[in-house]
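Have a look at the structure below, then the notes.
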Amino acid sequence: MNIASVIVDVPAKQTDRPFDYLIPEHLIDVIKPGMRVSVPFGPRKIQGFVVGLKSESQFNKLKKISEPLDLSPVLNPDLLSLGNWLSEQTLSYKISAYQAMLPAALKAKYEKKLKLARDIAKDQLLEELQPLYEKIDTITWEEAKQSGMLSMLQKEAAKGQIDIVYEVKDRVKKKKLKSVHSIMSASELEHYRKSLSPQASKQLKVINYFIENQQPIILRELANLLNISTSVIKELVKKGVLAEQNMEVYRDPFEDRDFARTQPLQLTDEQGKAIAPILSSIEEWRHEVFLLYGVTGSGKTEVYLQSIQNVLEAGKEAIVLVPEISLTPQMVKRFKGRFGDQVAVMHSGLSAGEKYDEWRKIQRKEVKVVVGARSAVFAPFENLGIVIIDEEHETSYKQEENPKYHARDVAIERAFQNNCPVILGSATPSLETFARAKKGVYQLLSLPKRMNNQEMPAVEIIDMREELRSGNRSMFSSALLEKLKDRLEKKEQTVLFLNKRGHSSFVMCRDCGFVMNCPNCDISLTYHRYSQQMKCHYCGHEAGVPSVCPECQSEHIRYFGTGTQKVEEELVKVLPEARVIRMDVDTTSRKGSHEKLLDQFEEGQADILLGTQMIAKGLDFPNITLVGVLSADTMLHLPDFRSSEKTFQLLTQVSGRAGRHELPGEVIIQTYSPEHYSIELASLQDFDRFYEHEMTMRKLHKYTPFYYISLITVSHEQLMKAVSVTETITSYVRSKLTSSAIVLGPVASPIPRINNRYRYQCLIKYKREPELNQALKTVLDQYQQEMSSGGLQIAVDVNPFILM
DNA sequence: AGCACGCCGACT
DNA sequence: GTCGGCGTGCTC
């Protein structure tokens with residue numbers, strides 16, 4: 001077994017297969033499958049993943065592995081095979097799949113350098129080049145480029161005066177601190193204590209500490225603990241009693257936070273009934289998928305917690321997935337409160353280093369539970385006992401970049417491999433999931449009542465067209481305004497929700513209707529108040545804000561659509577005494593600010609919390625008695641077959657924020673389409689009827705869950721090229737599928753141009769097409785050349801979430 | 001993805 | 001005749 005099969009870090013069709021390498025003698029027992037190695041590949045050196053070991057290779061001129069990049073495998077055998085499954089499912093490269101399963105810190109960083117060749121002194125170089133190597137023998141490629149003497153250096157390299165060397169490095173350094181430990185045993189220390197000078201009282205303290213504790217301790221911590229200076233400890237190191245070493249420490253994002261420990265709560269009858277099948281599934285090592293369908297506030301989390309408790313007692317591990325949205329701090333609190341430091345937390349708010357550290361805790365088996373966003377489904381556990389996906393319907397579980405996976409699918413596959421259950425939890429399950437539960441593919445567990453039998457909040461729909469007709473042109477209906485005033489008086493809190501997706505603030509001329517569009521993309525520019533600029537959210541194009549209309553020179557140019565900033569300004573005008581906290585991407589971009597703002601609100605430092613998507617979930621404050629949705633229908637008219645579903649889910653979600661405790665809650669939904677079923681049924685909190693209605697629509701239009709969907713998006717700088725390629729692909733795919741499949745296209749993508757590239761697509765709806773995967777692969781193969789050189793892009797998304 | 005190899009136009 | 005353009009094909 002002196003040969004390793006390696007998947008190299010080159011995301012391309014031709015390299016999407018193992019390459020064999022000789023393992024150097026001294027590394028034969030070190031190199032294992034799942035490890036990252038640095039290997040020579042062509043003229044350079046790159047990172048690769050060992051996927052197998054063998055003693056023979058078809059290839060007879062094998063190169064040697066340069067060096068291992070890990071001490072132990074970063075991908076365990078489970079994950080390695082999950083990675084293969086993932087690349088197969090999503091039609092992406094193996095290397096992309098592996099990298100998606102690891103924290104970004106482990107992605108290699110490459111550096112190309114120019115090194116003075118051995119036996120060559122700097123004065124043997126051309127005179128012009130000598131200053132570059134004044135003090136050092138290596139400069140980076142970048143430095144060489146900037147010096148303007150790159151071509152000269154390359155010539156020297158060809159002559160052998162200079163070597164071109166490649167380096168493979170990790171992105172993030174492990175954080176290390178000095179630690180000390182005793183090199184004597186406790187009894188030896190006791191003996192040594194007697195020989196200590198009576199004046200050395202501080203050294204005595206240290207000796208006493210190490211008699212009690214044999215484990216290494218961080219130097220600084222010990223000094224603080226014993227209230228002495230580090231020089232005392234260093235003195236003992238000098239004497240040879242103690243030894244120093246570098247110890248890897250973790251950046252702990254929750255370091256100075258105390259989580260009050262909680263005990264399991266007494267389950268209600270309903271909860272008890274719901275948890276029973278889960279517990280037996282855990283006990284019997286049975287793979288099963290449960291849909292825990294419970295209204296907001298019905299106590300799903302306690303069911304999760306107690307299921308995990310059972311998993312831990314069985315000596316296994318648990319993964320909990322929660323939606324991205326900066327990972328609601330309240331959720332973290334509940335898990336840390338119950339399981340303490342057995343919990344690792346992984347979410348997008350952490351720095352790359354912090355994410356890596358949390359991941360290391362899992363890898364080193366220091367934790368048993370991970371709570372995290374989408375990618376936490378790849379947590380390197382080896383004895384998985386349960387996977388829980390909270391808010392199962394959330395769109396952030398689908399990754400929009402390659403590999404385009406859905407965490408729910410991965411979770412189910414992983415749980416299947418590990419013979420353990422999956423819990424999908426939601427008050428508003430996705431139609432796919434609910435349909436499967438109804439069919440019996442998943443087991444349906446219901447929690448139809450709120451805990452303590454609180455009433456669901458009363459919901460009122462306000463028709464904004466009526467408001468307009470009666471002369472109210474502000475963004476607050478009179479009913480909402482009145483209730484806002486009422487809450488202010490009663491010192492109760494309000495949450496105002498702005499559905500900003502879709503058209504946010506764009507600029508339009510009121511005289512000629514001119515809308516400011518991005519010159520590169522077919523989409524309107526968004527007005528950013530703080531930078532006084534117009535920005536394109538797709539390509540990043542920026543432009544100044546016009547004071548007159550570029551078309552007709554009219555000065556009646558206005559900002560349309562309402563961003564949170566604008567609502568805040570309005571709010572100050574109509575309710576000057578109200579204290580408002582605004583939460584959106586602008587105010588929460590700084591680390592920890594999300595949590596800080598929520599804490600302020602919880603402590604009653606504000607009357608109104610104003611925000612976008614991110615305040616829709618997880619908020620659970622007793623004093624919130626009013627929820628206002630300013631514009632319920634902004635996402636309803638998006639060109640997406642899930643827009644009704646999303647609107648319903650969002651409205652239900654937000655409404656659930658009100659009246660979760662003793663005080664009863666009220667919800668106001670402002671809309672321009674009050675008769676739309678998703679708004680009407682959301683106001684009645686009637687998921688079941690919504691489900692029935694939406695299912696009829698989906699059946700009628702042949703969408704999920706009745707049909708599977710795959711989407712091919714082709715983009716090219718030239719419109720005709722994009723169209724013709726899509727055309728060819730469409731007819732090829734059509735020819736490969738059965739007559740029951742529906743192949744639509746070519747049609748322009750909902751955003752027909754991004755970054756000056758025209759986008760066309762082919763949509764495939766099907767029930768069962770065993771040939772489809774192969775056909776899609778063939779398409780990608782066929783155009784591979786043009787994709788790497790001809791500026792053509794083809795993206796395939798199996799089960800897309802948004803059809804953009 | 002890089003990078004080398006290789007085959008055609010404008011220059012010391 | 002050579003330098004350098006970027007098309008083609010390989011990387012264990």
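Side chains included, hydrogens not; waters and symmetry mates left out as well; all remaining heavy atoms used. Small disclaimer: the values here were computed from a predicted structure and weren't measured. Below, chains carry the letters A, B, ... as their sequence lines are ordered, and counting in each starts from 1.
- Look at NZ on A:K155: it is 11 Å from C1' on C:dG4, rounded to the nearest Å.
- We find that CD of A:E786 is positioned 14 Å from C1' of C:dG7, with the value rounded to whole Å.
- A straight line from NZ of A:K13 to C1' of C:dG9 spans 17 Å, rounded to a whole angstrom.
- For the residue pair A:I31 and A:P68, the shortest heavy atom distance occurs at CD1-CB, 4.0 Å.
- For residues 47-103 of chain A, the pairs satisfying ring pair (Phe, Tyr, Trp, His ring centres under 6.0 Å) are A:F49-A:Y98, with sequence neighbours left out.
- For the pair A:R17 and A:F19, the cation sits on the ring face: its NZ or CZ lies under 6.0 Å from the ring centre, inside 45° of the axis.
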Contact letters for nucleotides 1-8 of chain B, in which S counts primed atoms plus P, OP1 and OP2 and B counts the base, heavy atoms under 4.0 Å: BSS-----
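- As judged by a 4.0 angstrom heavy-atom cut-off over every strand, A:P40 is placed among residues touching the sugar-phosphate backbone only.
- Residue A:K398 qualifies as enclosed at atom NZ: its count of foreign heavy atoms under 6.0 Å is above 12.
- A:Q363 and A:R360 share a donor-acceptor pair across their side chains, judged by distance under 3.5 Å alone.
- Atom pair A:R17:CZ and C:dC12:P shows a separation of 10 Å (rounding to whole Å applied).
- Every salt bridge (Lys or Arg N to Asp or Glu O under 4.0 Å) that A:D781 has, sequence neighbours left out, goes to A:K13.
- Between the P atom of C:dG4 and the CD atom of A:Q154 lies a distance of 10 Å, rounded to the nearest Å.
- At the phosphate of C:dC12, neither OP1 nor OP2 sits under 4.0 Å from any side-chain N or O atom of A:K61.
- With rounding to whole Å, A:K54 atom NZ is found 14 Å from C:dC12 atom P.
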